[in-house]
Enquirer: 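Take this structure first; my questions come after.
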Amino acid sequence: MGANVRNSDLAAHPVVRSSFPLVARALLAGASGQIRNQATTAGNLLQRTRCVYFQDVTAPCNKRDPGTGCPAREGYGRYNAVLGASDACVTTHPSDLAVALATLEPTVVVLGPGGERRVPYAELHRLPGDEPERDTTLAPDELILELELPFLPASARSTYRKVRDRASFAFALVSVAAAVHLEDGVVRDLRIAWGGVAHKPWRAERAERAMVGRRLDVESLAAAVDEELEAATASEQSAYKLDLVRNTTVHTLLELAG
């Protein structure tokens, strides 16, 4: 996937539609048709947060102006992260495509003054820690050239589901990208990534491990998601995301399993 490929072209590509349907669905869930005609692969992955305090240049914000504070922690927090946040920043990553790609484990080809280097996708985005101004591990003088996607097993099923306040042109409250490979109804490989819950696409690895070798059913899926959410921290305003991501994950995977 080239860095400058337009989102609309990528979503319509026959290989993407047939082999990576979750990528096509994530792209079509983002923004509007006009924006998708202009937005690019790399631009989508490197977009910055839509936190209201980050966008308001009159407000303090550690991401925009390090050391000034994070008013989202005590202020308007409906969109705040519930996983991986820090005292310095509680915002979330806005991209849909980034969440879908997290399940596919691509390689990001990066170019800088020292030449090309290859970055595992899981290492591209970062959690805020004490440096929320840094969204990725890229150096200031590096750019993305392309992403190399490995194919899923031929029998694997994948999809992307986005929950938002309105049907289009809205960022995710939570989103779920999932790919599952079943043999005789038993999970052989499961990949789950969440959007709207963290500073980066959140790979639900504990939930994945809990489900391998088991059958997909409501009880086991909910228990696996709850295991992943043991690390979650939510405020009164953002606590709804815990139920929302649990129910959306269960629904999405049961739908994939037929």
Enquirer: Distance-only, no hydrogens or angles: does the D184 side chain make a donor-acceptor pair with backbone N or O of V186 under 3.5 Å?
Expert: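 It does not hold such a pair.
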Enquirer: Side-chain donor-acceptor pair under 3.5 Å between S8 and N37, yes or no?
Expert: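 There is such a pair (donor and acceptor under 3.5 Å, judged by atom type) between the side chains of S8 and N37.
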Enquirer: Within the structure provided, determine whether M211 and I192 are in side-chain contact (heavy-atom separation under 4.5 Å).
Expert: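 No, too far: nothing below the 4.5 Å cut-off.
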Enquirer: Looking at side-chain heavy atoms only, is the closest gap between V90 and C70 below 4.5 Å?
Expert: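 Result yes, sub-4.5 Å side-chain heavy-atom pair found.
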Enquirer: Among V225, L221, L229, which residue meets the side-chain contact (heavy atoms from CB on, under 4.5 Å) test with T249?
Expert: V225
Enquirer: Could you check whether any side-chain heavy atom of Y121 comes within less than 4.5 Å of a side-chain heavy atom of L124, counting everything from C-beta outward?
Expert: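 Yes, side chains in contact.
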Enquirer: Go through it in stages, so that I can follow the logic: the residues are L104 and L22, the test is side-chain contact (heavy atoms from CB on, under 4.5 Å), and I'd like the CA-CA distance, side-chain angles, deciding distance and then a yes or no.
Expert: CA-CA 10 Å; L104 298 173; L22 80 169; 4.1 Å; yes
Enquirer: Could you go through the side-chain contact (heavy atoms from CB on, under 4.5 Å) check for L143 and V110 one step at a time?
Expert: CA-CA 6 Å; L143 54 81; V110 173; over 6 Å; no
Enquirer: Evaluate the criterion side-chain contact (heavy atoms from CB on, under 4.5 Å) for residue pair T92 and N80; output intermediate values, then yes/no.
Expert: CA-CA 6 Å; T92 60; N80 286 359; over 6 Å; no
Enquirer: Do any N or O atoms from the side chain of R246 and from the backbone of A223 form a donor-acceptor pair under 3.5 angstrom?
Expert: no
Enquirer: Is the backbone N or O of L45 less than 3.5 Å from a side-chain atom of H125, with the two atoms forming a donor-acceptor pair by type?
Expert: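 Present.
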Enquirer: Quickly, which of R64, K63, Q55 forms a side-chain contact (heavy atoms from CB on, under 4.5 Å) with T49? Name it, please.
Expert: K63
Enquirer: Indicate yes or no: at least one non-hydrogen side-chain atom of C89 is less than 4.5 angstrom from one of N62.
Expert: no
Enquirer: Please check: side-chain N/O of Q237 versus main-chain N/O of G75, any donor-acceptor pairing under 3.5 Å?
Expert: yes
Enquirer: Taking C-beta and beyond as the side chain, do R36 and R6 meet within less than 4.5 Å on heavy atoms?
Expert: no
Enquirer: Please check if the side chain of K241 supplies one atom and the backbone of V197 the other of a donor-acceptor pair under 3.5 Å.
Expert: no
Enquirer: Just by distance, do the side chain of S175 and the backbone of K162 share a donor-acceptor pair under 3.5 Å?
Expert: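 No; zero donor-acceptor contacts below 3.5 Å.
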Enquirer: In the structure I gave you, are the side-chain heavy atoms of F169 and I35 within less than 4.5 Å of one another anywhere?
Expert: yes
Enquirer: Per the side-chain contact (heavy atoms from CB on, under 4.5 Å) rule, which among L97, D96, L101 passes with N44?
Expert: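 Output: one option passes, namely L97.
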Enquirer: Would you call R78 and D165 a salt bridge, using N to O less than 4.0 angstrom?
Expert: yes
Enquirer: Are R157 and T159 packed together at the side-chain level, in the sense that at least one heavy-atom pair is separated by less than 4.5 angstrom?
Expert: no
Enquirer: Looking at R206, is its backbone amide N or carbonyl O close enough to the side chain of E228 to form a donor-acceptor pair, meaning the two atoms are under 3.5 Å apart?
Expert: yes
Enquirer: When you measure from the side chain of R50 to the backbone of R48, do you find a donor-acceptor pair of N or O atoms at a distance under 3.5 Å?
Expert: yes
Enquirer: For the residue pair T40 and N4, what are the closest heavy atoms and their distance?
Expert: CG2-O, 3.8 Å
Enquirer: With heavy-atom distances below 4.5 Å as the criterion, would you say the side chains of L173 and Y79 are in contact?
Expert: yes
Enquirer: Please determine if R203 and E105 form a salt bridge, counting it only when a charged side-chain N lies under 4.0 Å from a carboxylate O.
Expert: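 Looking at R203 and E105, the cut-off is met.
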Enquirer: When you measure from the side chain of R17 to the backbone of F20, do you find a donor-acceptor pair of N or O atoms at a distance under 3.5 Å?
Expert: no
Enquirer: Looking at E123 and P120, would you say the former's side chain and the latter's main chain have a donor-acceptor pair under 3.5 Å?
Expert: no
Enquirer: Side chain to side chain donor-acceptor pair (under 3.5 Å) for W194 and T248? Distances and angles first, verdict last.
Expert: CA-CA 10 Å; W194 292 335; T248 305; over 6 Å; no
Enquirer: What do the steps show when you test L216 against L256 for side-chain contact (heavy atoms from CB on, under 4.5 Å), and what is the final call?
Expert: CA-CA 10 Å; L216 295 178; L256 275 181; 5.9 Å; no
Enquirer: Tell me, with the steps shown, if R214 and S220 meet side chain to side chain donor-acceptor pair (under 3.5 Å).
Expert: CA-CA 8 Å; R214 305 181 66 178; S220 59; 4.7 Å; no
Enquirer: Please round to the nearest 0.5 Å and tell me the distance separating atom NE2 of H199 and atom OG1 of T91.
Expert: 6.5 Å
Enquirer: Can V176 be reached from V174 by stepping across I, L, V, M, F, W or Y side chains whose heavy atoms are under 4.5 Å apart?
Expert: yes
Enquirer: So S155 and H181, side chain to side chain donor-acceptor pair (under 3.5 Å) or not? Walk me through it.
Expert: CA-CA 6 Å; S155 59; H181 178 207; 2.9 Å; yes
